[in-house]
Amino acid sequence: MPKKTLKNISEIRRYFHTNKDPIYFVSATNFNLLGLDEWVKNFKYICYMDCFDGRHPNVLCPSELPHDEFQSIEDINNYLLQHKEVVDYVKARGGKPKFVFLMFDETTEKLVKELGGEVWFPKAKLRTSMDNKIETVRIGNKAGVPSVPNTLSEVKGYAHLQEVCKKAKLGDDLVLQSAFGDSGHTTFFIKSEADFRRHEHEIVGEGEIKIMKRINCRGSAIEACATAKGTIVGPLMTELVGFSELTPYRGGWCGNEIFSTAFPPKTRQKARELTFKFGEQLRKEGYRGYFELDFLIDKKSGDIWLGELNPRITGASSMTNHAAFAHADAPLFLFHLLEFSKKPFKLEVEELNSRWADPDMIDSWSQMVIKHTDDNVDIITHAPQSGIYKMLPDGQVVYDRFDYHRRAVESEDEAFFLRISNVGDYRYEGADLGILVTRGRSMTQGFQLTAKSKRWIDGIKAAYSARPLPSAQVLEDPAFKIM
């Protein structure tokens, strides 16, 4: 019997509201797909960190078991998928389980198969090849989406770098990126031999490097979903990058803003067009589903350059999937699930993209990812709980009430805080303390943190207490991000 085709947004929404098979988001926290459980029946989160102290109805955090030190978020997910409490939970709920992840590898795929489930993302091998920053440039070139003037080359030393740049006419003020790595960790700003020497061990011997001319630009992010009917494009968001109050990493991502006038209409339209073209090329490359592009917008000329591709959900996904257009139609990630469900559907992608480009479909929100920025290590003795916080008239930040909905924020004097680091955790330089979500902007027109944002950050950091580490204890900083 042929499957009934879903003919419009209303039928797509109803399909997921009556979904029968369990869908699990397995990750360190549920931050990236926060709120999706309210759109999809039988959608559950399996998390390593309990951000909600057991009070979120759809989050399972199994008890801690002895394990090897985690080297990546994939390690966390593989630990969770083998945990007896998780295995029992998945089996007890029955059905044909589907799994989605922020990050996963081929071991994850095997573990999902053993649980009788399916991974609803392209294969790990394909995602890894797409994640390569060098490959992104090549895909962009095929799609007609230009990258910042660059060349791709192995770097043998500073003299060799100068030689390569002279040939490519890139000048001496450079940005180097290795093929893989987290924001801020594998991006190097090189203007002199002294700069190069500081990062030499991370550049030489690392294979092909993306060598870019440094431009004076504004960072932006846009998420999209490549489906059988075409690429659906979300809104262009600003990026918070490198603010010392939020992150110790120069060039490190530390949040986003979404608001209708974030960039001039012409820039927004151009970014949407380029994202659509890139998505269509991804489809030709065999990739489908959710992805995010970083664009660099030249402050002087307004030129738009491709920064990087993330073939996955990202830290910005919570913003995209909570925007006004998502509530009017459906969250972008719902179309990803639809694509992998094999359910036949009809969709006027051009019409949807046009509607989502309307400034009236975008309300103003901001998120700041707050890291520990001091160069020390201690152990947390008190941590603020997740929920709604208020800023009093004197600038003091106080806990108001528990909630796990971002929409519970009623005014710009309230914020939703999702706690990451908890009591007993190590607090080291770069540790994620939590995410603060506010209405309105967190940056000024000149793209600096507002005074109010700084008060929010100070207030949340002040809610943490810690004791020094015994001198005999040594901690190596985890070298991976969890969101």
Side-chain angles (χ1 to χ4, degrees), residues 21-34 36-37 40 42-51 58-132 135 179-182 225-226 282 285-292 309-315 317 333 336-337 339-342 420 478-483:
D21 283 332
I23 304 175
Y24 300 99
F25 175 49
V26 183
S27 201
T29 76
N30 72 332
F31 163 64
N32 305 82
L33 292 178
L34 201 62
L36 205 79
D37 52 322
V40 183
N42 287 315
F43 190 98
K44 303 287 182 184
Y45 305 99
I46 298 173
C47 302
Y48 178 66
M49 297 174 184
D50 188 0
C51 304
N58 291 319
V59 172
L60 170 72
C61 288
S63 52
E64 184 84 9
L65 291 177
H67 57 80
D68 292 336
E69 190 177 332
F70 298 136
Q71 301 297 321
S72 66
I73 198 163
E74 291 90 335
D75 285 352
I76 293 175
N77 292 340
N78 295 342
Y79 157 84
L80 288 169
L81 289 171
Q82 294 173 86
H83 196 296
K84 186 177 185 304
E85 289 171 32
V86 172
V87 172
D88 290 349
Y89 178 72
V90 170
K91 293 203 166 159
R93 294 191 70 235
K96 295 174 182 172
K98 324 297 180 193
F99 292 83
V100 291
F101 303 91
L102 171 63
M103 306 291 274
F104 63 93
D105 56 21
E106 290 176 16
T107 302
T108 320
E109 290 172 333
K110 284 177 194 161
L111 290 169
V112 165
K113 202 172 178 183
E114 284 169 20
L115 281 169
E118 291 174 32
V119 176
W120 273 10
F121 261 105
K123 294 282 183 195
K125 194 174 177 184
L126 177 62
R127 287 217 320 178
T128 301
S129 71
M130 295 286 167
D131 208 8
N132 182 328
E135 189 59 27
F180 298 100
D182 298 339
C225 185
L282 280 179
E285 305 279 331
Y287 182 90
R288 61 200 176 108
Y290 210 96
F291 68 94
E292 182 261 355
L309 159 72
N310 286 301
R312 65 178 76 87
I313 53 173
T314 70
S317 300
F333 194 73
H336 172 95
L337 296 178
E339 179 66 17
F340 283 86
S341 72
K342 299 186 178 72
I420 303 292
F480 64 93
K481 62 180 179 180
I482 60 161
M483 64 188 75

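Treat the numbers as computed from the prediction; the structure is a model and nothing was measured. We count residues from 1, following the sequence as given.
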Would you mind reporting whether Ile76 and Met103 have side-chain heavy atoms less than 4.5 Å apart? no
Please test Ile313 against Phe25 for side chain to side chain contact (heavy atoms under 4.5 Å, CB included), starting from the C-alpha separation and ending with a verdict. CA-CA 11 Å; Ile313 53 173; Phe25 175 49; 3.7 Å; yes
So OH of Tyr45 and CG of Asp37: to nearest 0.5 Å the spacing works out to 4.0 Å
Taking only residues two or more places apart in sequence, or in another chain, which ones meet Glu292 in a salt bridge (Lys or Arg N to Asp or Glu O under 4.0 Å)? none
Asn32 side-chain N/O to Thr314 backbone N/O, donor-acceptor pair under 3.5 Å: yes
Does either side chain, that of Ser63 or that of Glu85, offer a donor lying less than 3.5 Å from an acceptor on the other one? yes
So, Tyr287 side chain and Met130 main chain: donor-acceptor pair closer than 3.5 Å or not? no
Would you indicate whether the side-chain heavy atoms of Leu282 and Leu309 approach each other to under 4.5 Å? yes
Hey, what's the ring geometry for Phe333 with His336, parallel, tilted or perpendicular (30° and 60° as the breaks)? parallel
Within 45° of the six-membered ring axis of Phe291 and under 6.0 Å from that ring's centre, is NZ or CZ of Arg127 located there? no
Using only atom types and a distance under 3.5 Å, with no angle test, would you say the side chain of Ser72 pairs donor to acceptor with the backbone of Asp75? yes
So Asp105 and Asn78, side chain to side chain contact (heavy atoms under 4.5 Å, CB included) or not? Walk me through it. CA-CA 9 Å; Asp105 56 21; Asn78 295 342; 3.3 Å; yes
CZ (Phe101) and OG1 (Thr108) are apart, to the nearest 0.5 Å, by 6.0 Å
Using the salt bridge (Lys or Arg N to Asp or Glu O under 4.0 Å) criterion, which residues pair with Lys84? Sequence neighbours excluded. Asp88
Taking all heavy atoms of Gly95 and all of Pro22, pick out the closest pair and write down the distance. CA-CD, 4.0 Å
Heavy atoms of Leu80 and Ser27 approach each other most closely as CD1-O, 3.8 Å
Of all the heavy-atom pairs spanning Asn30 and Cys47, show the shortest one and how long it is. N-SG, 3.6 Å
From NZ (Lys98) to CG (Leu337), nearest 0.5 Å: 11.5 Å
Here the gap from Glu285 atom CD to Leu126 atom CG, rounded to the nearest 0.5 Å, amounts to 9.0 Å
Between Tyr48 and Ile482, is the side chain to side chain contact (heavy atoms under 4.5 Å, CB included) condition met? List the steps. CA-CA 10 Å; Tyr48 178 66; Ile482 60 161; over 6 Å; no
Donor-acceptor contacts, no H, no angles, side chain residues 109-124, under 3.5 Å, sequence neighbours left out:
{"from": "Glu109", "atom 1": "OE2", "to": "Ala124", "atom 2": "N", "distance (Å)": "2.7"}
{"from": "Glu118", "atom 1": "OE1", "to": "Trp120", "atom 2": "NE1", "distance (Å)": "3.1"}

CG/Asn58 to CD1/Ile46 distance, rounded to the nearest 0.5 angstrom? 11.5 Å
Do Asp131 and Thr128 have side-chain atoms, one donor and one acceptor, less than 3.5 Å apart? no
Are side-chain heavy atoms of Leu65 and His83 found at a separation under 4.5 Å? yes
Determine, step by step, whether Phe99 and Phe104 satisfy the ring-ring contact (aromatic ring centres under 6.0 Å, His included) criterion, reporting the C-alpha distance in whole Å, the side-chain angles of both residues, the deciding distance to 0.1 Å, and the verdict. CA-CA 10 Å; Phe99 292 83; Phe104 63 93; over 10 Å; no
Which pair of non-hydrogen atoms, one from Thr29 and one from Met49, has the smallest distance, and what is that distance? CG2-SD, 3.9 Å
Decide side chain to side chain contact (heavy atoms under 4.5 Å, CB included) for Ser317 and Tyr290; before the verdict, give the C-alpha distance in whole Å, the side-chain angles of both, and the deciding distance to 0.1 Å. CA-CA 10 Å; Ser317 300; Tyr290 210 96; 3.6 Å; yes
